[in-house]
Amino acid sequence: MAGRPLTQKQLRVRREELEAERAQLLAQVRELDAEADVNNWREGGFDDDPADAGSASFERETAQSLSNHARRLLTEIDDALRRIEAGTYGVCERCGEMIEPERLEAIPYTTMCLECKRREETGR
Ligand SMILES: [Zn+2]
């Protein structure tokens with residue numbers, strides 16, 4: 001069940017969405033990195049209180065892992081924006097069919113159609 005290629009208008013809307021999300025993620029990464037730094041710096045002051053030191057380092061790790069996650073998403077969004085430029089956006093990179101519009105709606109930076117994604121996840 002191949003969908004239709006996206007129209008120019010749909011692509012423009014999608015690009016605006018992706019760019020908005022990208023800006024949001026960038027701000028998030030900056031914030032989380034600052035948080036991780038602040039905690040790193042603070043940690044030195046908790047030498048005589050292991051509980052506080054533990055929670056500070058837990059917070060730092062949480063901030064770092066959230067930041068890493070946001071960075072990965074950023075890469076995927078950048079890729080999606082490049083695909084829009086290249087005119088290959090919305091095409092499954094595995095089977096070459098159009099990705100389901102509902103799927104693109106839900107995950108605008110996805111590179112695979114539902115079936116290929118499912119196959120990849122089940123390893124078949
Ligand atoms: Zn596919």
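This one's a predicted model, so the numbers in the text were calculated from it and none came from an experiment. Each ligand, and each atom within it, is numbered from 1 in the order the structure gives. The chain is numbered in sequence order, starting from 1.
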**Item:** Contact check, side chains of Ile84 and Leu18, non-hydrogen atoms, under 4.5 Å
**Value:** yes
**Asked** Would you call Arg118 and Glu121 a salt bridge, using N to O less than 4.0 angstrom?
**Response** no
**Ionic contact status for Arg72 with Glu76, cut-off 4.0 Å** = no
**Prompt:** Tell me, which protein N/O/S atoms are under 2.8 Å away from the Zn ion (ligand 1)?
**Reply:** Cys92 SG, Cys95 SG, Cys113 SG, Cys116 SG
**Message:** With a 4.0 Å cut-off on N to O distance, would you call Arg15 and Glu85 a salt bridge?
**Reply:** yes
**Prompt:** Ion pair present between Arg71 and Asp33, side-chain N to carboxylate O less than 4.0 angstrom?
**Reply:** yes
**Prompt:** Is a side-chain donor-acceptor pair under 3.5 Å present for Gln10 with Thr7?
**Reply:** yes
